[in-house]
Amino acid sequence: MAAAPADLIASEYCSFPGGSTRIDKVSCQGDFATIALIPTPGGGGCEELYMTIAPSQAANAGFTPRDYFVTSGPNIWQIRLPNPPTLFAVIPDSGCSPDHTGITFDHEGALGQFAFDMIVTCKFSGGVWAVDGAGTVNAVGNFHSGGQIGEIESPAVVPRTFGPFGGKIWVADEEYPNTSTTMLGAIHAMDENGNVTLGVVEWHGAEAVLVIPQTPCTFCSGGELFQAITLNEQGPYGIYQYFPASFAGLGGNVLVPSEAATGTALVQFDGTNYVTSVFDMIPGATFEGASFADCDVPTPTPTSTPAATFTPTATFTPTSTATFTPTATATFTPTATATATATATATFTPTPTATATATFTPTPTPTPTPPMIGVTTKTFSSNKVTITFQNDAAVDQVLTGLAMTWPQATNGNLTKITMGATTIYNTSTGGGTLNTSSLLGTTAQRTIAANGGTATLTFTFHNNVSTNASNYTGTATFNPFGSVTMLP
């Protein structure tokens, strides 16, 4: 995945039409459209192709901001829509085959001779390479120089201020064996001279290094972080989005998701050590590619259509029955100089002079979309139905009531409802129907903060639940907003 304010792209897995892998662009509504086919290493098969988008800083290294770059083994492909993909560079490292070749851009300018370059990592060899805007490839170093490693991927150059290894290249190694526990996985660091420090942070199944932006921005869906997740390894899969409220006060720190289903770690520096804590845990979730919306990627410049200048006091001198035929009535925004194309049909009786008077039609101001609260995600897993709400209103919203139906024969009784960590309902309920305003917890515990706050309701049943959303109905009532449909 790679995300920016105006871009969200993802590579598919096990899609190989003609020996290629699909690269998709995702709309604001979550729809997918294939924008490129990248030749897959070995001519097909299930391979992981990683990607990034050139930020503004990359122009310092000769890149064109907003270009997409996709790894396919040792090959780096460039996509500049609407053109087809072109081969941009080849990494001279057999350890970049067949896949998992990591890619990022240096936003920090802290890597000396490699400042603002594209940084590429090779999974099996441990090699790290820098590529400039001309496609020139230079070696940075090799993680094997620091000792035994597993396999590296998903690099990032962390902020200069982030502890003793700030401004360095950090990589994830989900198979790193030399941890303080029996669980594999860690984060390693390398400086611009190729000096390596292994095991800077330990996290089981470490999949990626994600720097939380100091100044957040969002894709047009409202999401700030986008994460590819498969439930229970081979179960349902999709792209999950996290909203800015989840990262309040955390800018400049690092997230490390796990491919081993142990959740996402938040890495912080306490002034002495790097410390980890659990940021997010989705039961059974296997985390793959992820990306924050890169605030440094510029948005496209709108293309403007120049308009002809029309002088409202133009004087005409017609002949005996002159006919002046423009194309429609001129429309103007009320500004000092009116610009438009004169367009209407007018017939003038012969007079010494005829003065055309322009008609000004002010452009109406759009009515803003009213703020609202809505559902962002729904999951059906094990014996739980989990629903996340986001409050985009300007005022806090308090959950005051719930109504729901479910397939009783499959799910059995509803045994508990939680809102975050708070139990708000704990009466075993059968018959496949719930309608209640008698909710536990304090008002504060049942409140979703204004302006992007989120809250998750978890409905726990006696049996494993039906995963067919159409088997459910449900609404949640919030004060002051009112009723919100949450199912199906």
Side-chain angles (χ1 to χ4, degrees), residues 1-2 9-16 19-23 36-54 58 61 63 67-79 85-106 111 114 117-157 169-176 187-190 192 194 196 198 206-209 259 288-291:
M1 321 215 30
I9 56 176
S11 61
E12 295 189 19
Y13 187 62
C14 297
S15 72
F16 36 91
S20 297
T21 294
R22 292 185 180 94
I23 306 300
L37 294 176
I38 300 296
T40 308
C46 299
E47 308 290 359
E48 295 184 16
L49 275 57
Y50 291 17
M51 59 191 67
T52 189
I53 306 174
F63 289 91
D67 282 355
Y68 305 157
F69 292 91
V70 183
T71 67
S72 180
N75 298 324
I76 310 297
W77 291 84
Q78 178 190 56
I79 302 174
T86 59
L87 184 61
F88 177 74
V90 178
I91 308 299
D93 187 336
S94 61
C96 268
S97 182
D99 68 346
H100 284 74
T101 302
I103 187 169
T104 191
F105 275 96
D106 170 27
L111 295 177
F114 306 125
D117 275 356
M118 175 194 295
I119 305 299
V120 177
T121 59
C122 296
K123 172 183 177 179
F124 295 106
S125 68
V128 180
W129 303 83
V131 185
D132 65 18
T136 304
V137 180
N138 293 288
V140 180
N142 191 294
F143 276 100
H144 277 296
S145 67
Q148 183 184 7
I149 64 172
E151 53 186 46
I152 63 171
E153 59 183 319
S154 302
V157 179
I169 301 167
W170 287 26
V171 297
D173 182 350
E174 65 192 55
E175 299 292 337
Y176 181 63
I187 300 298
H188 312 314
M190 177 184 289
E192 67 274 18
V196 170
L198 301 181
E207 173 66 15
V209 178
E259 192 174 353
E288 276 292 351
S291 175

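Worth knowing before you read on, the calculation uses all heavy atoms, side chains too, and leaves out hydrogens, waters and symmetry mates. Please read these numbers as outputs of a predicted model, since none were measured by experiment.
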Here the pair of heavy atoms bringing His188 nearest to Ile149 is NE2-CG2, 4.0 Å
Taking the side chain as C-beta and beyond, is there a heavy-atom pair between Asn75 and Leu87 under 4.5 Å? yes
Please tell me if the side chains of Met118 and Val120 come closer than 4.5 Å, counting only heavy atoms from C-beta onward. yes
Donor-acceptor pair, side chain of Asp173 and main chain of Gly150, under 3.5 angstrom: yes
Which pair of non-hydrogen atoms, one from Phe124 and one from His144, has the smallest distance, and what is that distance? O-NE2, 3.6 Å
Any side-chain heavy-atom pair from Leu37 and Arg22 closer than 4.5 angstrom? yes
For residues Trp77 and Tyr68, determine if any side-chain heavy atom of one lies less than 4.5 Å from a side-chain heavy atom of the other. no
Heavy atoms of Gly127 and Asp93 approach each other most closely as CA-OD2, 3.8 Å
Would you say the side-chain atoms of Asp99 pair up with the backbone N or O of Glu47, donor to acceptor, closer than 3.5 Å? no
Heavy-atom closest pair (Phe105 atom, Thr52 atom, distance to 0.1 Å) is CE1-CG2, 3.6 Å
Can you tell me how far the CE atom of Met190 sits from the CD1 atom of Ile119, to the nearest 0.5 Å? 10.0 Å
Are any side-chain N or O atoms of Asn142 and backbone N or O atoms of Ser125, one a donor and one an acceptor, separated by less than 3.5 Å? yes
Heavy-atom nearest pair, Val196 first then Ser145, reads CG2-OG, 3.5 Å
Can you check whether Val137 reaches Ile91 side chain to side chain, under 4.5 Å on heavy atoms? yes
Using atom types as modelled and distance alone, determine if a side-chain donor or acceptor of Asp132 lies under 3.5 Å from a backbone N or O of Ala61. no
Say you draw a straight line from OG1 of Thr71 to NE2 of His100; how long is it, rounded to the nearest 0.5 Å? 10.0 Å
Rounded at 0.5 Å granularity, tell me how far OG1 in Thr40 sits from CG in Leu49. 6.0 Å
Checking Thr21 against Ser11: is there a side-chain donor and acceptor pair closer than 3.5 Å? no
Less than 3.5 Å apart, any donor N or O on the side chain of Asn138 or Trp129 sitting next to an acceptor on the other? no
Does a side-chain heavy-atom distance below 4.5 Å link Val70 with Ile23? yes
Interatomic spacing from CD in Glu12 to OG in Ser20 - rounded to 0.5 Å: 12.0 Å
Using only heavy-atom distances, determine whether the side chains of Tyr176 and Glu174 contain a donor-acceptor pair under 3.5 Å. no
Would a 4.5 Å heavy-atom cut-off, applied to side chains only, mark Asp67 and Ile79 as touching? no
Distance-minimising heavy-atom pair for Ala172 and Ile187: CA-CD1, 3.7 Å
Do Glu288 and Glu48 have side chains that get closer than 4.5 Å, going by heavy atoms? yes
Could you tell me whether the side chain of Thr101 and the main chain of Gly73 form a donor-acceptor pair under 3.5 Å? yes
Does any N or O in the side chain of Thr121 come within less than 3.5 Å of the main-chain N or O of Glu153, such that one atom is a donor and the other an acceptor? no
Would you call the rings of Phe63 and Phe88 parallel, tilted or perpendicular, where under 30° means parallel and over 60° means perpendicular? tilted
Interatomic spacing from CZ in Phe69 to CD1 in Ile76 - rounded to 0.5 Å: 9.0 Å
Can you tell me how far apart CG (Leu198) and CZ (Phe143) are? Round to the nearest 0.5 Å. 8.0 Å
Return yes if some donor-acceptor pair links the side-chain N/O of Ser154 with the main-chain N/O of Glu207 below 3.5 Å, else return no. yes
